[in-house]
Amino acid sequence: MFNAPALDVAIGLTFLYLSLALMVTAANEWLAALLTLRGKTLTEGVGRLLDGDKPGPMTREFFRHPLVKSLSKGKRPPSYVPPRTFALVVKDMASRQQQHDMSDSGSEGLPAEASAKAGATGLPAEASAKAGAASASAAHLQKQFQTLALGLSPSDERSQAEILEEWFNDSMERASGWYKRQIQIVTVIVAAVLTILTNADTLRAAAILWANPTIRAAAVEQARVRAAMPLAEPPTIQAAYQNLNNPTPPTASRSSAEFVNPSTSPGTATEAESAATIDTSALSLFIGWSNTFRHFNDQYCAAKQRAVNASCGTSAPPNDACQAQIDDLAADARCELDGTRRVGRNVTPGWAIFGSPFIVLSLAAKHSVGWLLTIIAVSLGAPFWFDLLKRLVNVRGAGTKPTETAKKKAEA
Amino acid sequence: VKRILVALALVAAVPVLLDAGPVKFSNTFIELFKNRVTIDVSFTVDKSHSSPNTISDDGDDGDLHAAGRAPEVGLPMVVEIANARDAVQKAIVDKMKERVGKPASSLSGVWRIWYEHPSATVQEQFETVPVADSTNPKHVFEVHPVTSFAGISAHSSFIPIPGYSAYAATTAFPHYEALKLTVSRDADFTTMKSSTARYNYTEFDIVLSGAPADVVDGVMVLADVVDSAGVSIVAAARRMVCAAGTPPAETIRKAKSGAKFKVLGIPRVNLERVSALAVNDATVVLVGAYEMIIVGIVP
């Protein structure tokens, strides 16, 4: 058993970062849904494929297609379009464009080489070959098809659907990068708001944990329980078959490392959902505003008490003005009687705190470094902190519980 | 009195509402049986019904139940002979009753994992199995229906049960579809946990989604399950399994994709889907991880 205050402080801080990171994930999911970030990124990605720089008429036609519309909820764009659906819809659009062009006039051909390759693979390049009459979007799409066709070798045996799917997948990898950058910005903003709201000051939290063994023990115990739980609820999978003609498909075992990210797998419970199930009551012992509020209210109550003393003087019985001030102080929820003097309670002073800009600024200055450290830490994400927490808890407990395999090996 | 009755009803409902205890299956066993319909074991009969179930609409299906142990299974288990009230099955029924408490006899039949009578505690495959103290001990493993026992065949029992009204497909399949199987896998075991499952015998219509495939001991095919209007009542095609040498296997084997049948079937956990979708050193929840044992083709 390895037990040291420094390790316990590290466990407490890691538990703090994990808890905040899970809350940030929950907020991110909510904001991403509210702002339709996934749908917008997908629209932008498809727009670049079909229209060029930004979504245009081809993109609008794509998202109006019944196959894509069926993936949408209301008027919002879908969050995800399967590559197969993309290929089917683009082929359908190209085929309709071809019919439209044929009915207009005779078509111009593609450059000979591209045309030959496109013909060989069945790519719908010729569908939008009437460059002169085509819109800018159709011309862009035609150019994309030509590029795809020229990039093929004569021995390429992929079907046109496979080529379109690959084209879509390549583009979606870029779109996924845009989304990650967007969500990273949201993460930092949400982490900052949450850190300040909870006054999760790393330096202050570390100091409290270091100085107080009782708080440290409470934090370590809750961290230990949390580390024993999975990071997220297990994902739910529909046990469907891919090939309906093969009821006994060969299977390869899957490891957790290669498994899909549960947070992006549809119909699964996520880290965000599991955030609500953690007992984090120990955190309130080393983060939060209660001490600051008490200190602020202390000053406020002392000032009020001084005003009462000045008004009442030493005369007895008190006059009406004096009595009114005494009653007002007694009724003030921010103050309480401690022996013979009024002291501040650890309740929020409300907007009153903003009435003292100096105090707000001094608070910000006092906590800024600690907040910054917390924001950076929380931005690293829940999986990082969960992994670290498990390691630290294992180190504290001097190693993990042996698995069945290990036990059997030992017995053998 | 009303309050007492409500309290008693709640107490009675608790075992149904609670999740069953997890069962740890050997990974080797799963890989061996995931694409097999049946299992051959050396079965010691601990307890047997003295006579087959009666046949009625409320679940009495005319089966003969017996409980016992088999080293090939390594779990508390029950075996059931279908259509046991049929005079044709008298010999095998009598043999089962005769072998109670005697040395093991060879038994073959359709293996079945189903969380209908699960234990509240963890069961681990190939740990010591206690002698059954009733014909229905806490179990998730069955051989049901039996195809042969002590050299006596019961292949002819794979027909609809005369006079029995099975559960309607529109009642049973929504339940099967909603069942969640929580699966975790480590190097040696796959642990499966489910809420208590119901509805043994179901009569339903299938439309074959693909071509039937022969396996070593029967036939398997993926099929859509539809209601009387032909509308699918399952989220995806489900696997149907038929034991070799039984009337359903002979009929389904010759069928083509798109063929329609009305069948009598019982559900079991689909070990092939479990094997395919379980994740090493992690937990997943599977829905639709069941398959149907075709017990009879309804004319």
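Values in this document were obtained by computation on a predicted structure and should not be read as measured data. Each chain gets a letter, A, B and so on, in the order its sequence line appears, and its residues count up from 1. For the numbers below, each heavy atom of this structure counts, side chains included, while hydrogens, waters and symmetry mates do not.
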### Query
Do Val287(B) and Ile237(A) have side chains that get closer than 4.5 Å, going by heavy atoms?
no
### Which atom of Ala237(B) lies closest to which atom of Leu244(A), heavy atoms considered
CB-CD2, 3.6 Å
### Query
Looking at residues at least two apart in the chain, or sitting in another chain, which of them share a side chain to side chain donor-acceptor pair (under 3.5 Å) with Gln238(A)?
Arg238(B)
### Query
Under a 4.5 Å heavy-atom cut-off, does chain A meet the side chain of Val215(B), its backbone, both or neither?
side chain
### Query
Who are the salt bridge (Lys or Arg N to Asp or Glu O under 4.0 Å) partners of Glu291(B), not counting sequence neighbours?
Arg239(B), Arg268(B)
### Close contacts, residues 241-252 of chain B versus chain A, judged by heavy atoms under 4.5 Å
none
### Message
To the nearest 0.5 Å, what is the distance between CG on Asn243(A) and CG on Leu222(B)?
### Response
8.0 Å
### Any side-chain heavy-atom pair of Met220(B) and Thr248(A) under 4.5 Å
yes
#### Entry: pair Met240(B)-Pro247(A): side-chain heavy atoms closer than 4.5 Å
no
#### Entry: Pairs of heavy atoms under 4.5 Å with chain A: top-ranked of Ala236(B), Ala211(B), Pro212(B)
Ala211(B)
### Query
Glu272(B) and Pro249(A): which non-hydrogen atoms are nearest, and at how many Å?
OE2-CG, 3.4 Å
## Note on the structure
In Val284(B), Val285(B), Thr182(B), the residue satisfying side chain to side chain contact (heavy atoms under 4.5 Å, CB included) with Thr236(A) is Val285(B)
### Query
Does Gly210(B) offer a backbone N or O that forms a donor-acceptor pair with the side chain of Asn245(A) under 3.5 Å?
no
### Message
Under the salt bridge (Lys or Arg N to Asp or Glu O under 4.0 Å) definition, can you give me all pairs with a residue in residues 201-211 of chain B, not counting sequence neighbours?
### Response
Asp205(B)-Lys262(B)
